[in-house]
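Accompanying notes for the structure given below.
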Amino acid sequence: MTEPILKVDDLSVRIAGLHILQGVSFTVAPTGVTALLGRNGVGKTTTLRAIVGLTPRGGEVSGSASFGTVDTLRTPTHRLVRAGLGYVPEDRCVFAGLTVAENLRLAERPGAAPAYDRVFALFPELAKRAKQRAGTLSGGQQQMLAIGRVLLADNTLLLVDEPTKGLAPKVVTEVAEALEAVAEEVPVLLVEQNLAVVRRLARDAVVLAAGKVAWTGAASRLLGEPELTKALLGVGSAGVHA
């Protein structure tokens with residue numbers, strides 16, 4: 001069998017006295033999209049943030065997350081980025097006062113040629129708005145910029161947190177199309193609430209409930225069984241959970 005690109009083993013996180021993750025274990029395949037699903041508040045974003053070393057100050061993290069030969073829980077975030085781990089946060093985190101071009105320039109890595117052709121092919125709107133301040137972009141355009149930043153480098157794994165949250169249906173489609181193209185080249189661990197997007201993109205699925213892994217398997221199986229989807233996510237397989 002092909003070795004997973006990421007192995008999460010017995011991951012536990014406590015923040016402000018709350019035991020948010022309680023022994024979470026799963027793997028991410030070296031190709032395609034693995035969806036990390038669950039109802040609100042079960043620890044999906046906490047999982048991604050722990051993997052990339054961004055647990056809030058004072059949080060307690062234990063377990064391991066192996067990215068190749070690197071244990072990400074014990075490696076500084078900047079070294080993980082240099083090792084090829086790309087992260088697109090839920091809140092996008094663009095620099096509002098800087099232009100699109102300046103935001104992208106900050107994501108360039110020393111010694112590596114930035115892949116502007118790839119970014120602008122996927123998101124031509126960014127090329128058109130290169131001189132526009134990021135804070136004046138629409139939510140969808142800011143999301144494109146956030147994804148574009150990690151695509152400038154040749155990452156070997158992307159962690160993408162709710163990329164379609166709050167976007168208009170047309171923009172959701174554009175973002176999904178871009179991620180579909182990205183996933184042909186690099187594996188993606190995706191947190192996403194829009195199950196139509198999950199159905200389109202994901203091959204594998206991991207479902208969290210109450211801070212633990214409640215289910216793993218093929219995404220098509222999960223979304224193909226309405227009763228299972230409702231039991232794990234609280235909605236029918238065609239819906240979007242709150």
Side-chain angles (χ1 to χ4, degrees), residues 32-40 44-45 48 86-104 106-107 114-153 155 158-205 219-220 222-224 226 229-230 233-242:
V33 175
T34 298
L36 183 62
L37 307 174
R39 303 172 193 244
N40 280 348
K44 304 184 296 296
T45 293
L48 296 195
Y87 174 54
V88 181
E90 178 184 9
D91 53 5
R92 299 160 192 158
C93 291
V94 300
F95 295 98
L98 301 182
T99 66
V100 168
E102 289 167 338
N103 269 269
L104 292 173
L106 286 174
Y116 279 99
D117 289 347
R118 172 170 55 194
V119 173
F120 292 150
L122 288 171
F123 302 117
E125 192 72 13
L126 296 182
K128 296 177 184 177
R129 299 179 180 274
K131 297 181 180 181
Q132 183 173 338
R133 292 190 184 278
T136 67
L137 298 174
S138 69
Q141 291 162 348
Q142 289 187 13
Q143 186 63 69
M144 293 174 190
L145 179 56
I147 296 172
R149 288 185 306 194
V150 301
L151 298 181
L152 278 179
N155 290 298
L158 298 184
L159 276 55
V160 183
D161 195 356
E162 297 202 24
T164 70
K165 181 179 179 181
L167 302 185
K170 180 178 183 296
V171 183
V172 168
T173 299
E174 293 175 357
V175 171
E177 289 175 348
L179 288 173
E180 189 171 34
V182 169
E184 293 179 0
E185 300 181 11
V186 58
V188 178
L189 176 59
L190 174 71
V191 171
E192 180 55 70
Q193 291 190 345
N194 187 321
L195 297 188
V197 172
V198 173
R199 182 181 291 107
R200 173 173 181 163
L201 299 180
R203 182 179 62 200
D204 304 308
S220 59
L222 172 65
L223 300 180
T229 307
K230 186 172 181 60
L233 304 178
V235 296
S237 61
V240 180
H241 62 75

Tell me which donor-acceptor pairs under 3.5 Å the side chains of residues 167-178 have, and how far apart each pair is, sequence neighbours excluded?
from : atom 1 : to   : atom 2 : distance (Å)
K170 : NZ     : E174 : OE2    : 2.6
T173 : OG1    : P169 : O      : 3.2

For A146 and V94, which heavy atoms make the closest approach, and how far apart are they?
N-CG1, 4.4 Å
Using only heavy-atom distances, determine whether the side chains of N194 and E162 contain a donor-acceptor pair under 3.5 Å.
no
Flag side-chain contact, heavy atom, 4.5 Å: V198 against L222
no
Rounded to the nearest 0.5 Å, the CG atom of N103 sits from the SG atom of C93 at a distance of 11.0 Å
4.5 Å side-chain heavy-atom contact, F123 and V100
no
What residues, two or more places apart in sequence or in another chain, satisfy side-chain contact (heavy atoms from CB on, under 4.5 Å) together with K128?
E125
Heavy-atom distance under 4.5 Å between the side chains of L159 and V191, does that happen here?
no
For D161 and T45, which I'm curious about, is there any donor-acceptor pair between the side chains at under 3.5 Å?
yes
Between E185 and R118, is the closest basic N to carboxylate O distance under 4.0 Å?
yes
Exercise: do R92 and Q142 side chains pair donor with acceptor under 3.5 Å
no
Taking the side chain as everything from C-beta on, heavy atoms only, tell me whether L189 gets closer than 4.5 Å to L48.
yes
Does the side chain of V119 reach to within under 4.5 Å of the side chain of L152, using non-hydrogen atoms?
yes
Using a 4.5 Å cut-off on heavy atoms from C-beta on, say whether the side chain of L126 contacts that of F120.
yes
State which residue, out of E90, E192, Q193, fulfils the side-chain contact (heavy atoms from CB on, under 4.5 Å) condition with K165.
E90
Of all heavy-atom pairs linking L233 and G38, the shortest is CD2-N, 3.6 Å
Under the side-chain contact (heavy atoms from CB on, under 4.5 Å) criterion, do L104 and Y116 qualify, and how do the steps go?
CA-CA 9 Å; L104 292 173; Y116 279 99; 3.9 Å; yes
If every non-hydrogen atom of V33 is compared with every non-hydrogen atom of A183, which pair is closest and at what distance?
CG2-CB, 3.5 Å
Please examine the side chains of L98 and R133, heavy atoms only from C-beta on, and report whether any two atoms are closer than 4.5 Å.
no
V182 vs V160 side-chain heavy atoms within contact, under 4.5 Å:
no
From CZ (R200) to CG (L179), nearest 0.5 Å:
9.5 Å
Please check: side-chain N/O of N155 versus main-chain N/O of V186, any donor-acceptor pairing under 3.5 Å?
no
I'd like to know if the side chain of Q132 pairs up with that of T99 as donor and acceptor (distance under 3.5 Å, no hydrogens or angles considered).
no
Heavy atoms only: give me the nearest A219-A202 pair and the separation to one decimal.
CB-O, 3.5 Å
